Amino acid sequence: MLSIRTLREQTDRVRKALADRGAEVDLDRILRLDERRRELLRELEALRNRRNEASKEVGRIKRQGGDASAIMAEMREVGTRIKALEAEQREVEPQLQDLLLRVPNVPHESVPVGQTEDDNPVVRTWGEPPSFEFEPLPHWELGERLGILDFERAAKIAGARFVVLKGLGSRLERALIQFMLDLHTEEHGYTEVWPPFMVNSTAMTGTGQLPKFEEDLFHLTGTDYYLVPTAEVPVTNLHAGEILNEGSLPISYTAYTPCFRAEAGAYGKDTRGMIRQHQFDKVELVKFVHPDRSYDELEALTRNAEEVLRRLGLPYRVVTLCTGDLGFSAAKTYDIEVWLPGQGRYREISSCSNFEDFQARRANIRFRSKGEKGTRLVHTLNGSGLAVGRTVVAILENCQQSDGSVVVPEALRPYVKADRIEATV
RNA sequence: GGAGAGGUGGCUGAGUGGUCGAAAGCGGCGGUCUUGAAAACCGUUGGCCCGCGAGGGCCCGGGGGUUCGAAUCCCUCCCUCUCCGCCA
């Protein structure tokens with residue numbers, strides 16, 4: 001959420017940001033509501049001030065055994081007026097709040113203006129796409145032939161956009177989770193967290209999934225629980241409502257969770273294979289940082305995510321999301337895209353974002369500096385480190401051999417306890 | 001699911017209709033003393049909103065109500081703890 005002050009005082013800047021994003025927001029309605037809200041507040045506070053003074057007077061008179069009925073009668077009227085104003089306030093404030101919660105973040109000045117993913121500039125490329133002396137297979141064919149991926153049975157028990165992993169496929173998934181968590185905790189300084197996989201609507205609002213993107217979530221009927229679409233939600237909200245010590249920053253967490261996404265509006269996209277599933281595993285990186293440091297931290301966090309691909313020897317590139325492709329809450333995002341031979345192109349495997357104070361304002365996450373009065377909002381960041389299912393896809397497709405087997409990347413062998421995945425039939 | 005107890009500042013905890021944004025202790029910060037530290041002593045120490053400012057308002061789990069006036073009374077929701085039941 002942007003502060004109403006920013007909307008009020010930097011209206012043109014916000015208007016441009018919204019236009020660059022291609023976002024539809026009725027800024028003028030927000031500003032009118034804000035104006036009304038402040039009018040109400042001014043009048044209310046003046047009346048309350050009168051009432052407070054009068055109440056003190058009543059107390060004084062009564063203690064002296066006097067008659068305060070005249071003041072009390074007058075205050076009865078003031079009370080009625082206050083109630084009427086409060087009623088209007090109860091009307092205006094939630095409206096304003098709801099509208100504010102639906103305004104996207106302002107992109108950082110370094111974010112290129114553009115409309116679609118085709119406008120995302122490539123920042124860097126690492127590794128060489130492997131050349132094959134045969135036609136490389138897509139992962140779903142490889143996986144089914146190897147007996148480690150089973151889409152048909154997954155459809156039987158759950159439906160489309162699910163997969164069953166078997167044997168070394170299942171172990172590969174588990175090994176990757178372990179490998180990623182070990183790397184980030186032992187070498188990158190993150191603290192491991194294992195959060196709930198369901199959260200309430202307050203948490204979903206804190207990170208920006210609600211109120212605007214309810215249709216993307218799985219909501220448990222009759223409850224206020226939602227399945228987490230990413231560990232970003234439970235982990236960022238860990239410090240909701242807290243005032244942190246500046247000395248404790250940056251706070252860096254890594255968390256494994258399954259992620260659940262309704263994938264509404266993705267009909268017909270990536271229907272084959274395990275690129276776009278209703279349930280997938282992800283290891284997430286989350287940081288709470290000092291505002292002056294957040295862009296340095298974004299670079300570091302992105303490098304931490306990239307390191308996973310480097311260790312696995314998987315070719316990738318990093319792109320900067322342009323304004324039109326940027327997510328709702330983010331001020332700046334780098335996508336890490338891994339090379340997929342089965343598709344002959346790079347596909348997103350991690351998204352690393354700086355939200356600046358957008359989430360911190362929603363979730364009320366602040367810090368206090370020693371010797372300074374008052375509090376400031378922290379900046380929050382997060383990134384996938386990495387999406388596990390897509391990493392499995394990348395390994396299968398990049399490490400496939402002419403005989404249909406898959407060579408396990410060396411760094412992963414201690415975890416998989418195998419050098420190679422072969423058909424066992 | 002049933003019965004009970006309770007939610008007050010960073011923490012513990014007093015406060016049952018007015019002088020309470022709130023005692024006291026702990027913790028934090030600053031100082032005196034000390035080579036330094038500890039102890040002792042002194043001082044200080046919440047957040048949010050409106051306003052250029054002076055200043056004003058709000059916040060005692062959330063929301064609503066009663067009252068001239070609510071941390072205190074009433075309603076409602078949430079959460080925590082204890083016991084019982086159930087359960088991996």
Side-chain angles (χ1 to χ4, degrees), chain A residues 1-10 30-101 194-206 210-211 220 222-226 234 237-249 251 258 288 357 360-378:
Chain A
M1 175 166 71
L2 302 174
S3 82
I4 184 64
R5 273 206 133 73
T6 304
L7 295 193
R8 208 189 293 146
E9 291 165 11
Q10 303 178 47
I30 294 177
L31 293 172
R32 277 196 306 276
L33 271 172
D34 172 52
E35 191 48 51
R36 180 60 190 148
R37 176 184 142 267
R38 284 185 298 153
E39 271 170 29
L40 283 169
L41 211 51
R42 277 194 290 272
E43 191 176 349
L44 255 177
E45 290 184 355
L47 287 171
R48 281 181 181 145
N49 180 232
R50 265 180 70 195
R51 185 178 67 183
N52 288 345
E53 295 302 322
S55 290
K56 276 182 210 161
E57 183 65 14
V58 169
R60 212 171 310 147
I61 293 171
K62 289 205 161 181
R63 242 173 289 123
Q64 292 166 358
D67 175 18
S69 54
I71 303 182
M72 283 162 64
E74 189 200 336
M75 284 309 112
R76 231 185 300 274
E77 277 172 39
V78 170
T80 306
R81 178 72 183 143
I82 288 177
K83 282 220 166 66
L85 291 174
E86 283 175 341
E88 190 180 347
Q89 187 183 36
R90 274 201 291 276
E91 188 111 346
V92 168
E93 264 184 353
Q95 268 183 48
L96 179 60
Q97 189 64 14
D98 183 69
L99 288 173
L100 281 175
L101 287 172
W194 192 87
F197 299 164
M198 295 177 215
V199 298
N200 58 35
S201 54
T202 305
M204 283 293 186
T205 305
L210 290 178
L220 303 193
T223 74
D224 189 40
Y225 294 137
Y226 294 80
N237 280 285
L238 232 38
H239 292 298
E242 295 184 16
I243 300 174
L244 306 165
N245 290 323
E246 182 176 12
S248 70
L249 303 178
I251 297 173
F288 302 80
D357 63 13
R361 184 172 294 105
R362 289 172 161 251
N364 197 19
I365 310 169
R366 294 166 291 172
F367 73 97
R368 197 192 326 261
S369 305
K370 268 196 174 156
E372 272 177 47
K373 61 179 165 89
T375 57
R376 294 175 66 188
L377 294 165
V378 300

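So that the names make sense, note that chain A is the first sequence line, chain B the second, and so on, each numbered from 1. Note that this is a predicted model, so its numbers are computed, not measured.
The shortest distance between the side-chain N/O atoms of A:Arg37 and the OP1/OP2 oxygens of B:C50 is below 4.0 Å. Listed pair A:Arg51 / B:G69 meets the phosphate criterion, a side-chain N or O lying under 4.0 Å from OP1 or OP2. Look at A:Ser69 and you won't find any side-chain N or O under 4.0 angstrom from OP1 or OP2 of B:C68. Proximity of A:Lys83 to the phosphate of B:U66: a side-chain N or O atom is located under 4.0 Å from OP1 or OP2. Using a 4.0 Å cut-off, no side-chain N or O of A:Arg366 falls inside it from OP1 or OP2 of B:G47. For the OP1/OP2 pair of B:G57 and a distance below 4.0 Å, the side-chain nitrogens and oxygens of A:Asn49 include at least one atom meeting the criterion. Applying the 4.0 Å criterion to OP1 and OP2 of B:C50, one finds that A:Arg8 has a side-chain N or O inside that range. In this model, the phosphate group of B:G18 is not approached by any side-chain N or O of A:Asn52 to a distance below 4.0 Å at OP1 or OP2. Look at A:Arg90 and you'll find a side-chain N or O under 4.0 angstrom from OP1 or OP2 of B:G64.
At distances below 3.5 Å, at least one donor-acceptor pair connects side-chain atoms of A:Arg362 with backbone N or O atoms of A:Leu101. Formation of a donor-acceptor pair under 3.5 Å by the A:Asp67 side chain with backbone atoms of A:Ser69 is found in this model.
If you take OH of A:Tyr225 and P of B:C79, they are 7 Å apart, rounded to a whole angstrom. Straight-line distance from the CG atom of A:Asn245 to the C1' atom of B:G10: 9 Å, rounded to whole Å. Between the CG atom of A:Asn364 and the C1' atom of B:G62 there is a distance of 15 Å, rounded to whole Å. Counting to the nearest Å, the C1' atom of B:C58 and the CG atom of A:Leu41 are 9 Å from each other. Here B:C52 presents its P atom at 8 Å from CZ of A:Arg38, a figure rounded to the nearest Å.
Between A:Glu86 and A:Arg368, the residue anchored closer to the 5' end of RNA chain B is A:Arg368, taking for each the nucleotide with the nearest heavy atom.
Ranking B:C50, B:G47, B:G18 by closeness to the A:Val58 side chain, first place goes to B:G18. Counting only heavy atoms from C-beta on, A:Met72 has its side chain closest to B:C68 among B:C68, B:C50, B:C58.
Look at A:Glu39 and A:Arg36 and you find a salt bridge, because one of the NZ, NE, NH1 or NH2 atoms lies within 4.0 Å of a carboxylate O, short of that distance. The pair A:Arg81-A:Glu43 counts as a salt bridge, with a side-chain nitrogen and a carboxylate oxygen less than 4.0 angstrom apart. The existence of a salt bridge linking A:Arg38 and A:Glu35 is confirmed by a sub-4.0 Å separation between a basic side-chain nitrogen and an acidic carboxylate oxygen.
A:Ile71 comes within 4.0 angstrom of no nucleic acid atom, judged by non-hydrogen atoms across all strands.
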